[in-house]
There are 2 protein chains.
Amino acid sequence: MALSARHVEIFIAIMRAGSLTEAARQLHISQPAVTKSLQHAEQRLGYPLFQRLGGRLQPTPEAKALFKAAQDVEHSLQRLNQLGLRMAALEHGMLEIMAPPALAQELLPIQISQFQQNYPQLQIQLNVQQNADIANHIAQGEAELGIVHFPTDAPELAMESLGNSSIVALIRQEHPLASSDVLTRDQLINAPVIWCSGNTWWAQLMARELPGLKREKCQNQVNYFAVACRMATQGLGIALVDRYSIPYLLPSDCKVLPVVPEIHVSLGIIYRRYQALSQPAKLFIKALRKTMFSD
Amino acid sequence: MALSARHVEIFIAIMRAGSLTEAARQLHISQPAVTKSLQHAEQRLGYPLFQRLGGRLQPTPEAKALFKAAQDVEHSLQRLNQLGLRMAALEHGMLEIMAPPALAQELLPIQISQFQQNYPQLQIQLNVQQNADIANHIAQGEAELGIVHFPTDAPELAMESLGNSSIVALIRQEHPLASSDVLTRDQLINAPVIWCSGNTWWAQLMARELPGLKREKCQNQVNYFAVACRMATQGLGIALVDRYSIPYLLPSDCKVLPVVPEIHVSLGIIYRRYQALSQPAKLFIKALRKTMFSD
DNA sequence: GGATCTTACGTCATCCGTAAGAATA
DNA sequence: TATTCTTACGGATGACGTAAGATCC
């Protein structure tokens with residue numbers, strides 16, 4: 001018959017306290033309960049752990065030998081439970097996020113800093129990949145969460161909407177089109193739009209929503225939203241980007257104008273469907289949805 | 001709230017088996033019991049350990065992280081209980097015996113070999129010290145058991161009798177005194193006895209039991225019984241030694257004669273009174289008493 | 001229908017506390 | 001007498017099993 005963890009716990013307390021009475025005090029149980037547990041343990045082992053001598057206890061050599069092993073048990077259980085608690089409080093764990101450059105540069109640092117204020121010990125890994133590659137990487141387990149535009153629908157992946165974003169225009173104030181408070185789609189078609197990237201969602205979106213806008217007519221072409229915005233602030237044209245990709249700090253001589261009718265962009269979060277989400281991931285999604293749906 | 005060892009045990013079984021049903025089978029408990037334990041564990045932790053997905057379980061990242069720590073708990077408990085069992089079977093442990101040369105050379109090898117047949121894995125340390133020093137060494141914890149003649153009565157030490165031995169005479173057959181079957185005390189007083197040692201129990205015993213025998217009259221003097229016996233077999237005199245100190249193998253031209261009236265020698269075992277005996281020590285004492293009282 | 005997990009309910013073991021007893025200093 | 005361990009008894013928690021229900025393939 002084997003000893004239980006409770007036997008071990010009580011045995012250790014007796015060894016440390018040196019008496020049943022004191023051990024009981026430290027364990028917050030009655031002294032007869034300690035007697036019983038010890039007797040039970042000794043009966044299971046088949047030999048005494050303590051010599052009863054004049055109302056006092058003297059550990060046998062066997063008890064001394066078992067004590068070290070018992071402490072190992074105690075420590076391993078403590079480590080397990082400490083880890084369990086730390087993970088509950090998100091003091092231990094890793095939040096792996098993969099996002100395209102634009103979101104990794106503007107949206108996520110803000111979201112992450114907010115999230116990390118609540119869980120200051122949580123490790124966070126933010127991995128930048130091209131939007132089109134993220135689904136594959138997530139499917140291969142390289143990160144737990146992917147934040148994407150136009151989420152793909154691979155069967156391996158689950159997708160949750162983070163609400164609809166929209167395209168806004170970043171433009172210098174001196175530009176003639178900057179005089180109004182909004183920009184119409186028609187105005188944009190012949191405006192000096194900075195063309196973003198080749199075969200990403202942006203080009204598809206433009207083809208659908210602004211079919212009159214042709215790549216050939218755009219003087220400046222880049223493949224990063226951040227660069228497009230930077231070019232716009234230098235007066236090199238109008239950047240048409242997701243509103244979450246607008247730089248946090250803009251020069252005062254720049255404006256951000258909404259487009260009418262609005263051009264919607266789906267923002268979504270993807271993860272492996274058959275892989276349970278970690279606690280940090282769940283909470284981060286929750287936090288993301290809350291802030292993004294509320295504004 | 002912390003997880004119990006039982007929670008850990010069941011959690012590990014689920015992780016290994018991959019399903020509650022199979023885990024229950026391996027644990028020899030019902031499947032609902034496994035469900036309950038898992039639910040309880042998850043409730044205590046505050047987060048799920050498995051994702052229920054189409055009737056199957058998928059471990060969460062938290063479960064995977066806890067699994068390693070859980071295995072540590074399992075292993076440490078296994079080690080503890082294995083050690084406990086091994087000590088019960090005397091497969092682990094050390095029997096430390098201290099004895100004077102004569103007993104260490106003749107009596108104890110026989111006793112130990114007999115004892116070790118029952119407990120072939122038990123480690124045994126046989127330490128030789130002069131009889132007069134053994135009590136001190138035992139009191140200082142240098143060995144657990146001391147086998148001595150004329151046991152001392154230090155308050156720190158407990159003493160148990162191993163029965164009475166007696167002095168016998170080792171003598172060559174051609175010696176005139178060897179013609180009878182016994183030797184009387186009177187015969188010995190003027191015989192060529194080999195004087196053993198200076199201030200040990202032997203000299204005290206002789207002074208009491210054979211007061212006529214004087215050291216000055218003895219031609220040959222040694223301080224080891226074994227040497228005395230060897231000298232006797234070479235015809236250098238009569239060795240008067242404890243019967244347990246007679247060599248196991250004797251030349252055929254030698255005889256061992258009892259002394260009449262018998263000269264008793266107390267043989268005893270000593271150990272620290274306030275230090276509980278180890279299981280091997282207890283059993284060795286028991287075995288010693290049994291064989292020594294039975295012959 | 002066969003597999004799995006979950007819920008419900010009753011039983012039993014065991015762990016614990018209170019109270020009294022025994023031994024020791 | 002004060003302290004400690006042991007024994008005895010009774011209660012409550014909890015772990016388990018059986019049976020039935022829900023869900024998925």
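Given the structure is predicted, the values throughout are model-derived calculations rather than measurements. Lettering follows sequence order; numbering is per chain, from 1.
A salt bridge (Lys or Arg N to Asp or Glu O under 4.0 Å) check over residues 40-66 of chain B, counting only residues at least two apart or in different chains, returns the pairs Glu42(B)-Arg52(B).
Atom CG of Leu57(A) is separated from atom P of dT24(C) by 14 Å (rounded to the nearest Å). The interatomic distance linking Gln58(A) (CD) with dT4(D) (P) rounds to 16 Å, in whole Å. The distance from atom CE of Met1(A) to atom C1' of dT14(C) is 12 Å, rounded to the nearest whole Å. Following rounding to the nearest Å, Leu20(A) (CG) and dA23(C) (P) show an atom-to-atom distance of 17 Å. In this structure, CZ of Arg52(B) is placed 16 Å from P of dT4(C), rounded to the nearest angstrom. Taking atom CD of Gln51(A) as the reference point, atom C1' of dC5(D) lies 14 Å away to the nearest angstrom. Rounded to whole angstrom, the span from the CG atom of Leu27(A) across to the P atom of dG17(C) amounts to 10 Å. Here dT4(C) presents its P atom at 14 Å from CD1 of Ile14(B), a figure rounded to the nearest Å.
The shortest distance between side-chain heavy atoms of Leu66(A) and Met87(B) falls below 4.5 Å. Under the 4.5 Å side-chain criterion, counting only non-hydrogen atoms from C-beta, Leu3(A) is not in contact with Val73(A).
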- [ ] Spell out protein contact along nucleotides 9-25 of chain D as letters: B when the base is contacted, S when just the sugar-phosphate is, - when no protein heavy atom is under 4.0 Å; keep the 5' to 3' order.
- [x] ------SBBBB----S-
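Considering only side-chain N and O atoms, Thr35(A) lies under 4.0 angstrom from the phosphate OP1 or OP2 of dT6(D).
Checking Ser37(A) against His40(A) by side-chain atom types alone, no donor-acceptor pair falls below 3.5 Å. Checking Gln114(A) against Thr291(A) by side-chain atom types alone, no donor-acceptor pair falls below 3.5 Å.
Scanning all heavy atoms of the two residues, the minimum distance from Ala5(A) to Leu77(A) falls at CB-CD1, 4.1 Å.
Annotation: ring-ring contact (aromatic ring centres under 6.0 Å, His included) contacts of Tyr119(B) (sequence neighbours excluded): Phe115(B).
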Give every pair of a protein N or O atom and an N or O atom of nucleotides 1-3 of chain D that lie under 3.5 Å apart, one pair per line with the distance.
none

N/O donor to acceptor pairs below 3.5 angstrom from side-chain atoms of residues 23-31 of chain A, sequence neighbours left out:
from     : atom 1 : to       : atom 2 : distance (Å)
Arg25(A) : NE     : Glu22(A) : OE1    : 2.9
Arg25(A) : NH2    : Glu22(A) : OE1    : 3.1
Gln26(A) : NE2    : Glu22(A) : OE2    : 3.1
Ser30(A) : OG     : Ala33(A) : N      : 3.4
Gln31(A) : NE2    : Thr35(A) : OG1    : 2.9

Can I get a per-line list of side-chain donor-acceptor pairs under 3.5 Å for residues 123-132 of chain A, giving both atom names and the distance, sequence neighbours left out?
from      : atom 1 : to        : atom 2 : distance (Å)
Asn131(A) : OD1    : His149(A) : N      : 3.3
Asn131(A) : ND2    : His149(A) : O      : 3.3

